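Worksheet: the structure to be examined is printed underneath.
Keep in mind that what you see is a predicted model, and the values were worked out from it rather than measured.
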Amino acid sequence: MQNNFKIALIGYGKMGKEIHKIAKSQNIEVTDIFDENRLLTPQKEFNFDVAIDFSIPPAVIDNAKIVSACGKNLVIGTTGWYKNSDLVKAVAEQNNTGIVWGSNFSVGMQVFFKIVHYASQLITVADGYDVFMHEIHHKRKKDSPSGSALTLAAIIMANQPTKTEILADTSYGEIMPEQLHISSSRGGEEPGTHTVYLDSAADTIELTHRARSRTAFASGALTAAKLINGKKGFYSFEELLDDMWKTT
C-alpha cells in the first residue's frame with residue numbers, strides 16, 4: 001500500500017461508515033467526509049489522494065466534475081447513473097485524472113462475473129437451455145434491477161445471441177425467447193444475492209453469489225482506490241483487477 005495514502009468519503013451512509021472503519025484498520029487516513037451536512041464544493045486544494053463516492057445517482061456527475069477539476073482521482077460506487085458514463089469519462093479525460101467505477105466492488109462478485117461469462121459461453125452450444133436471473137436486496141435500495149444484475153445481464157447477452165432484450169418487470173404472460181428475465185425482491189436487511197439460472201427440461205444449474213455483509217464491498221472500494229491512485233483515465237473495476245491479476 002502507498003505510504004500516507006489518504007481518502008475522502010462522499011456519502012456517509014452505511015457503506016461510507018463501513019469504508020471508514022476498514023480504512024482505519026488499514027491505517028488509511030480519511031481526510032474529508034462529505035454528506036448532506038457538509039456538501040462537496042469546488043476548492044483549489046484538497047488533502048486526499050482519492051475520493052470514494054457512495055452517494056446518490058443524481059449527484060455522481062457533479063461530484064466527478066468537482067473532484068476531477070481539483071486534480072484528484074475518484075472511485076464511483078454509486079449505481080444507477082450508467083447512462084451518463086460518457087459524460088463521466090469525458091470529465092476524467094478533460095482533467096487528466098483517474099476515475100474507476102463498478103456496479104459491484106466485491107472482489108468475489110468480480111470472480112462471479114467471470115464464472116457467468118464462461119458458463120453462458122458453454123450453454124450457447126448446448127441445446128435446450130434458457131437463462132434467467134433473480135436478485136435480492138435490502139428494502140432501502142434505490143435501483144431495481146441492481147447494477148450488478150444489469151452487469152450480469154450484459155455478460156449473458158454478449159454470449160447468448162438469442163437474448164436481445166431485458167425484461168425487468170413482472171411478467172403477466174409468456175416470456176419471449178429473446179427476453180432475458182430479471183426478477184427482483186426488496187426487503188429486510190439483505191445485503192445482496194444474485195442467482196443466474198441455466199435451466200433445461202433435463203436439469204438446472206444455479207450460479208449464486210451471496211454477500212454476507214457490506215464488508216466485501218467496502219474492502220473492494222478501498223482496493224479500487226489504491227489501484228486508481230496515480231492513474232489517468234476512465235476504468236471499470238474489472239479492468240483494474242485484471243491488470244492486477246496479470247501481474248500476480
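In terms of modelled atom types and a separation under 3.5 Å, the side chain of Q110 and the main chain of N104 share a donor-acceptor contact. Formation of a donor-acceptor pair under 3.5 Å by the R210 side chain with backbone atoms of P191 is not found in this model. Without hydrogens or angle criteria, T124 side chain to N159 main chain gives a donor-acceptor distance under 3.5 Å. At least one donor-acceptor pair under 3.5 Å links the side chain of S120 to the backbone N or O of H117. Using a distance-only test at 3.5 Å, with no hydrogens or angles considered, a donor-acceptor pair links the side chain of N95 to the main chain of V91. Q179 places a side-chain N or O within 3.5 Å of a backbone atom of M176 that can act as its donor or acceptor partner. At least one donor-acceptor pair closer than 3.5 Å links the side chain of K72 to the backbone N or O of F46. A donor-acceptor distance shorter than 3.5 angstrom exists from the side chain of E239 to the backbone of S236, with no hydrogens or angles considered.
Between I33 and I10, the closest side-chain pair of non-hydrogen atoms is not below 4.5 Å. Here the side chains of L180 and V131 are in contact, with some heavy-atom distance below 4.5 Å. Inter-residue side-chain proximity for W81 and I76 is flagged as met; some heavy-atom pair is nearer than 4.5 Å. Using a 4.5 Å cut-off on side-chain heavy atoms (C-beta onward), H134 and T193 make no contact. V88 places a side-chain heavy atom less than 4.5 Å from the side chain of I99. Inter-residue side-chain proximity for I156 and V116 is flagged as met; some heavy-atom pair is nearer than 4.5 Å. Contact check for V50 versus V75: side-chain heavy atoms found under the 4.5 Å cut-off. K14 is listed as a side-chain neighbour of R140, based on a closest heavy-atom distance under 4.5 Å.
The side chain to side chain donor-acceptor pair (under 3.5 Å) search around D53 returns S55, N63, T78, not counting sequence neighbours.
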May I have the step-by-step check of side-chain contact (heavy atoms from CB on, under 4.5 Å) for R38 and D32, ending in yes or no? CA-CA 9 Å; R38 185 193 175 193; D32 299 275; 3.0 Å; yes
Please lay out, stage by stage, how S219 and E18 fare under the test side-chain contact (heavy atoms from CB on, under 4.5 Å). CA-CA 9 Å; S219 295; E18 185 68 20; over 6 Å; no
Kindly indicate, with the supporting measurements, whether the criterion side-chain contact (heavy atoms from CB on, under 4.5 Å) is fulfilled by L167 and I175. CA-CA 9 Å; L167 175 61; I175 304 290; 3.5 Å; yes
Apply the test side-chain hydrogen bond (donor to acceptor under 3.5 Å, both in side chains) to residues T162 and E178: give CA-CA distance (whole Å), side-chain angles for both, the deciding distance (0.1 Å), then the verdict. CA-CA 5 Å; T162 59; E178 68 273 13; over 6 Å; no
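For the side-chain hydrogen bond (donor to acceptor under 3.5 Å, both in side chains) with D130, the lone residue among H181, Q160, K163 that qualifies is K163. Exactly one of S183, S184, S148 qualifies for a side-chain hydrogen bond (donor to acceptor under 3.5 Å, both in side chains) with E135. That residue is S184.
Between F105 and F217, the distance separating the two ring centers is not shorter than 6.0 angstrom.
P145 approaches R186 most closely through the heavy-atom pair C-NH2, 4.1 Å.
The 12-atom threshold is not exceeded at NZ of K89, counting heavy atoms of other residues, nucleotides or ligands nearer than 6.0 Å. Within 6.0 Å of atom NZ in K232, more than 12 heavy atoms from other residues, nucleotides or ligands are found, so the atom counts as buried in its surroundings. For D86, the CG atom counts as loosely surrounded, since its 6.0 Å shell holds 12 or fewer non-hydrogen atoms of other residues, nucleotides or ligands. Few gaps surround CD on E165; more than 12 heavy atoms of other groups in view lie less than 6.0 Å from it. Annotation for R212: atom CZ does not count as buried by contact number, only 12 or fewer foreign heavy atoms lying within 6.0 Å.
Note on F34: it does not cluster hydrophobically with I28, by side-chain heavy-atom contacts below 4.5 Å among ILVMFWY residues. Transitive grouping of hydrophobic side chains (ILVMFWY, heavy atoms separated by less than 4.5 Å) brings L241 and V111 into a common cluster. The cluster map of Ile, Leu, Val, Met, Phe, Trp and Tyr, joined by side-chain heavy atoms under 4.5 Å apart, puts L39 and V67 in different clusters. Follow the hydrophobic side-chain contacts under 4.5 Å out from I115 and you reach M157 in the same cluster. No path of Ile, Leu, Val, Met, Phe, Trp and Tyr side chains, each step under 4.5 Å between heavy atoms, connects F113 with F132, placing them in separate hydrophobic clusters.
Of the N and O atoms on the side chains of S68 and T97, at least one donor lies less than 3.5 Å from an acceptor on the other residue.
D242 contributes atom CG, which lies 9.5 Å from atom CE of M244 (distance to the nearest 0.5 angstrom). Between Q94 atom CD and L87 atom CG the span is 9.5 Å, to the nearest 0.5 Å. Considering CD of E190 and OG of S185, their distance stands at 9.5 Å, rounded to 0.5 Å. Taking CG of L9 as the start and OG1 of T31 as the end, the distance is 8.5 Å to the nearest 0.5 Å. Here CG of D143 is found 8.0 Å from CG of L150. Values are rounded to the nearest 0.5 Å.
Legend: ring-ring contact (aromatic ring centres under 6.0 Å, His included) pairs involving residues 7-26, not counting sequence neighbours, sorted by first then second residue: Y12-H20. For residues 194-206, the set of pairs meeting the side-chain hydrogen bond (donor to acceptor under 3.5 Å, both in side chains) definition, not counting sequence neighbours, comprises Y129-D203, S146-H194, T195-T208, D199-T204, S200-D203.
Ring geometry for Y82 against W101 counts as tilted: the plane angle lies between 30° and 60°, on a 0 to 90° scale.
The cationic group of K114 does not satisfy the cation-pi geometry with F112, failing either the under 6.0 Å distance to the six-membered ring centre or the 45° limit from the ring axis.
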